[in-house]
Asker: 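Dropping a structure here in structure tokens format, bear with me for questions.
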Amino acid sequence: MTTILFIGAILLLVIFGMLLKVQSMVDVVRGSFTKRAGFSNQVNAVLFLIFLVVGLGLFYWITVDSRQYYLPEAASEHGPKIDNQFWTTMIIITIVFVGTHLLLFTFPYLYQFKESRKATFFPDNHKLEFVWTIIPAIVLTILVLGGYKVWSEVTSPAPANHISFEIVGKQFNWMLRYPGKDGILGKHNFRKIDATNTLGIDFTDKNALDDFMPGEIHIPVGIPVKFNIRSRDVLHSVFAIHFRQKMDAVPGMPTSFWFTPTKTTADMRAETGNPNFTYEIACTEVCGAGHFGMKSKIVVDEPEDYAKWLETQQSFLSQNPDYIKDVPENLRSLAEQQLPKQAVTDSTTVVKAAASIQ
Amino acid sequence: MATQDVHAATLDHAHAAGHGHDHHDDHDEHHEQSFIRKYVFSEDHKIIAKQFLITGLLWALLGGALSMLFRLQLGFPNMDWTWLKPVLGNWIVDNKLDPNFYLAMVTMHGTIMVFFVLTAGLSGTFSNFLIPLQVGARDMASGFLNMLSYWFFFISSALMLISLFIETGPASGGWVIYPPLSALPQAMPGSGMGMTLWLTSMAIFIASSLLGSINYISTVINLRTRGMTFTRMPLTIWAFFLTAVIGILSFPVLFSAALLLIFDRSFGTSFYLSEIYINGQPLDNMGGSPILFQHLFWFLGHPEVYIVLLPALGITSEVIATMSRKPIFGYRAMIGSMIVIAFLSFIVWAHHMFVTGMNPFLGTIFMFLTLIIAVPSAVKAFNYITTLWRGNIIFTPAMLFSIGLVSLFISGGLTGIALGNSAIDIQLHDTYFVVAHFHLVMGSASFFGMMAGVYHWFPKMFGRMMNEKLGYIHFWMTFAGVYLVFFPMHYIGISGFPRRYYSFTSYDTFNMYQDLNSFISVAAIITFSSQLIFGFNFFYSIFRGRRATQNPWLSNSLEWTAPINAGHGNWVGAIPNVYRWPYDYSKPGHALDYIPQNVPHWETVESNLDHENDLIAFEREMEAEALADPQSAH
């Protein structure tokens with residue numbers, strides 16, 4: 001089978017080669033090689049016009065047809081500002097794109113070779129060159145200043161009333177940690193990581209005692225929220241698409257971004273008409289085979305629902321009382337408040353039991 | 001009267017044809033060389049150029065084929081891959097492509113295209129071929145280093161090729177090989193032996209590139225023929241010269257980045273590694289920074305964009321002027337903008353890093369610097385269009401590809417204005433919008449420049465013509481194809497689709513555009529297949545193409561004054577003197593629509609501008625000097 005295909009391919013090539021030879025001989029007889037530009041020249045000139053018209057038509061069609069999918073609905077305070085920057089830029093570059101292509105593709109048609117004509121000797125024109133240096137410079141300055149304003153705003157320190165939590169990337173999922181009632185995330189240490197304490201929470205820090213690790217992100221609408229971003233193995237990147245935020249997760253270097261969500265998940269479901277709408281986080285820095293599946297969900301609640309959700313969350317220690325052995329003596333009593341009621345009755349047994357398991 | 005003889009030879013095709021016949025014989029003026037010295041370990045820049053070209057084209061075929069495979073995955077995620085098992089073997093798991101191998105192909109496609117095709121294949125080919133011929137030199141400053149440059153490239157190619165076939169697969173962390181992913185073999189299979197081979201291969205590649213660049217720079221500075229001042233050099237030479245300067249300043253930085261990564265991988269250092277817990281183990285590495293690698297990498301990585309693009313722009317300038325039968329518009333502005341671009345290319349690298357956790361203030365600075373680059377680029381685009389205006393255009397395949405390049409340069413360059421704006425980049429970074437942007441402005445545009453160069457200088461390289469009709473078909477299929485492949489990617493990117501994704505099915509946010517992705521894949525396969533037309537045309541024409549005349553495009557530049565199939569040394573007899581710039585096309589008053597650079601002004605009194613008449617006395621002196629100089633005769 002393969003050999004037949006192989007022989008077939010060779011035969012095709014040979015036939016092709018012979019056709020080519022015949023064609024070029026015909027051309028020689030016709031004398032097309034002695035002419036500087038023949039019929040092909042006109043064909044190519046016309047093709048540029050056709051390419052222009054068809055191309056612009058397709059450009060218009062796909063631009064209109066894809067409108068439903070453009071930048072997913074912005075759901076943060078700064079989101080519309082970024083979108084605004086984007087669309088302003090896009091409109092300007094579309095004008096330049098269409099304008100330059102009108103010239104670039106009509107000139108070949110208009111000035112195709114004619115034996116009788118001589119090209120215009122036009123080596124330079126300082127006025128013209130000055131104009132088209134200065135105009136792009138001005139337009140770009142305006143765009144840069146607009147971008148600078150939005151960029152400074154988006155990257156400014158989070159306002160004092162913000163809430164924060166931690167999102168940590170690993171191959172291949174995102175892990176979350178909220179600070180608990182004290183509002184402060186406890187310390188962490190990568191050497192303390194194990195199969196359960198996947199973030200290496202350091203229980204010698206009293207702020208860590210009430211930290212909890214939920215399965216999905218909940219944030220309240222209208223309140224600035226800061227994502228403290230870490231990675232525990234390779235680079236990842238948190239892309240919160242609808243909130244127009246993105247930041248790499250870098251092992252050894254904590255990063256962050258903040259935004260103020262403006263639409264709850266329920267709002268978005270109503271707005272998009274999609275009853276299953278979910279805010280999703282994607283990983284946008286290649287991190288290995290599972291890169292494409294590194295997804296997390298964000299639920300944006302009304303503040304009261306968020307408060308209710310917080311109430312239902314149980315601290316890491318309460319779910320994994322074994323770790324109380326890591327808590328130093330002076331914090332033990334504080335830690336015991338986290339434990340479920342029956343466990344508290346005899347925390348020392350727990351510690352002993354945990355020790356024996358180890 | 002050597003110069004006049006050479007000039008006469010330009011117009012006298014009979015003389016040229018005479019040379020065409022002794023194609024297969026050794027050239028009269030040279031002693032017999034063994035086959036190995038002549039074609040394998042050759043020191044002749046023309047042979048070395050062809051070696052670079054053919055190696056580059058083979059790499060392009062492989063790099064393109066890899067992209068076909070991952071386009072199949074993206075376009076048809078439910079496809080049964082069993083039929084490719086004979087080729088891909090164990091990379092097909094349960095009739096599906098292994099995601100690790102998907103990333104490996106993406107990585108190798110990028111590496112191959114950027115370095116092996118568009119750096120070595122484009123710049124290596126045409127810098128080598130054109131610099132001595134266009135500045136009027138018998139060879140490069142050092143033929144030996146030049147030979148080494150190719151053979152280092154060859155070793156580097158061999159290592160990279162081998163890495164494709166090892167069990168754990170080639171490097172897979174993206175062509176940017178960001179650590180820690182690339183530093184830790186436990187993070188992905190490709191970071192094992194494949195990465196070691198990648199780093200070794202690249203280190204050797206850098207040596208090759210530097211050997212080449214040193215040669216290009218010294219040749220341009222020292223070996224220009226009498227009268228070839230810097231402002232009389234064709235724009236191709238300016239482009240190659242500046243490219244070499246950029247390469248010599250930036251490639252060593254990539255070398256140091258790679259070296260530190262080798263240390264981290266093999267000798268337990270922590271330049272890029274810190275606080276890592278992987279595979280159930282905390283690592284001992286502390287205090288390193290992955291961001292450091294990114295700074296070092298992009299300090300080459302961004303100039304690299306111009307290393308591949310500038311030669312293409314240089315080639316285009318030459319072809320557009322020649323085939324429009326018009327001087328390039330704004331010759332000095334073209335040089336100026338290339339110098340500005342070359343300079344700015346060194347201080348914009350961190351626009352690849354707006355969202356890596358770098359200080360936002362740095363982001364601000366780099367946004368300002370980045371958008372400045374749009375100004376010289378705009379000047380270049382406008383100058384090309386103005387060169388076409390009121391020209392007398394002949395559409396050779398080279399000319400078509402050059403016009404195509406200008407179009408792609410504009411389309412791809414404009415979206416750079418969006419991406420260079422750090423505020424917008426937050427949303428667009430690492431999405432398909434970026435993929436669309438750089439494939440148009442850097443990938444396709446440079447590839448078009450390479451194609452223009454091959455079609456244009458093929459007669460000079462091989463003494464034969466390529467088939468024009470096939471060239472036209474090749475161009476129109478490629479041009480339409482490139483737009484059909486990369487233009488829709490902007491829309492996919494605007495919707496937020498991240499790049500380097502094996503599939504998008506697990507996301508609700510990315511549940512559309514499967515039809516568009518399938519369309520892109522089909523368009524890509526057709527576009528790739530149409531390159532086979534070129535491949536056939538290229539190899540067929542080397543042996544069976546119509547014999548070329550000495551100056552088939554009626555061009556002004558110096559390479560066309562050398563005999564067809566010139567031997568080592570390029571010119572028989574004296575090297576021609578240069579009396580004018582290379583763009584005296586359609587000069588009013590002159591009977592022909594071109595005046596080659598070696599025609600003195602005293603022969604063209606009817607078309608001289610006032611200040612040119614003043615040059616005649618000086619030119620006479622120069623000619624007398626040349627005749628008295630034993631060095632200039634052969």
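Note that these values count all heavy atoms, side chains included, but never hydrogens, waters or copies made by symmetry. Predicted model only: the values in this text are computed from it and were never measured. By convention in this document, chain letters (A, B, ...) are assigned in the order of the sequence lines, proteins followed by strands, and residues within each chain are numbered from 1.
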Asker: Regarding B:Ser407 and B:Tyr483, do their side chains bring together a donor and an acceptor under 3.5 Å, going by distance alone?
Answerer: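 There is such a pair between these side chains.
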Asker: Is A:Thr94 close to chain B through its backbone or its side chain, or both, or neither, when contacts mean heavy atoms under 4.5 Å?
Answerer: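 Neither part.
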Asker: Please name all residues satisfying salt bridge (charged side-chain N to carboxylate O under 4.0 Å, His left out) with B:Lys587, sequence neighbours left out, ordered by chain then number.
Answerer: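 Counting only residues at least two positions away or on another chain, B:Lys587 forms a salt bridge (charged side-chain N to carboxylate O under 4.0 Å, His left out) with B:Asp584, B:Glu612.
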Asker: Quick one: is the NZ or CZ of A:Lys246 closer than 6.0 Å to the six-membered ring centre of A:Phe239, and within 45° of its axis?
Answerer: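 Yes, cation above the ring, under 6.0 Å and within 45°.
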Asker: Evaluate A:Phe105 against A:His101 for ring-ring contact (aromatic ring centres under 6.0 Å, His included), listing each step before the verdict.
Answerer: CA-CA 6 Å; A:Phe105 288 164; A:His101 275 85; 5.3 Å; yes
Asker: Check each atom of A:Ala45 against the heavy atoms of chain B and say whether the ones under 4.5 Å are side chain, backbone, both or neither.
Answerer: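 Backbone plus side chain of A:Ala45, per the 4.5 Å heavy-atom cut-off to chain B.
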Asker: Considering only heavy atoms, which portion of B:Ser324 lies under 4.5 Å from any heavy atom of chain A: side chain, backbone, both, or neither?
Answerer: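 Contact with chain A: backbone only.
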Asker: Relative to chain B, which segment of A:Leu145 carries a heavy atom at a distance below 4.5 Å: side chain, backbone, both, or neither?
Answerer: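 For A:Leu145, side-chain heavy atoms alone lie under 4.5 Å from chain B.
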Asker: Of all residues at least two apart in sequence or in a different chain, which pass the salt bridge (charged side-chain N to carboxylate O under 4.0 Å, His left out) check with A:Lys81?
Answerer: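 Checked A:Lys81 against salt bridge (charged side-chain N to carboxylate O under 4.0 Å, His left out); matches are A:Glu153.
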Asker: Which region of A:Val286, side chain (C-beta onward) or backbone (N, CA, C, O), has a non-hydrogen atom less than 4.5 Å from a non-hydrogen atom of chain B, or is it both or neither?
Answerer: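 Both backbone and side chain.
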Asker: Answer with side chain, backbone, both or neither: which region of B:Asp284 has an atom nearer than 4.5 Å to a non-hydrogen atom of chain A?
Answerer: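 Contact with chain A: backbone and side chain both.
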Asker: Could you tell me which portion of B:Phe329 (side chain, backbone, both or neither) has an atom closer than 4.5 angstrom to a non-hydrogen atom of chain A?
Answerer: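 Backbone plus side chain of B:Phe329, per the 4.5 Å heavy-atom cut-off to chain A.
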Asker: Tell me, for A:Thr255 versus chain B, whether the close heavy atoms (under 4.5 Å) come from the side chain, the backbone, both or neither.
Answerer: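 When you check distances to chain B, only side chain atoms of A:Thr255 fall under 4.5 Å.
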Asker: Name the option with the most non-hydrogen atom pairs under 4.5 Å to chain A; the candidates are B:Ala480, B:Ala187, B:Gly287.
Answerer: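 Most pairs with chain A among the choices: B:Ala187.
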Asker: Could you tell me whether A:Lys297 sits above the aromatic face of A:Tyr279, with NZ or CZ closer than 6.0 angstrom to the six-membered ring centre and within 45 degrees of the axis?
Answerer: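 No cation-pi geometry.
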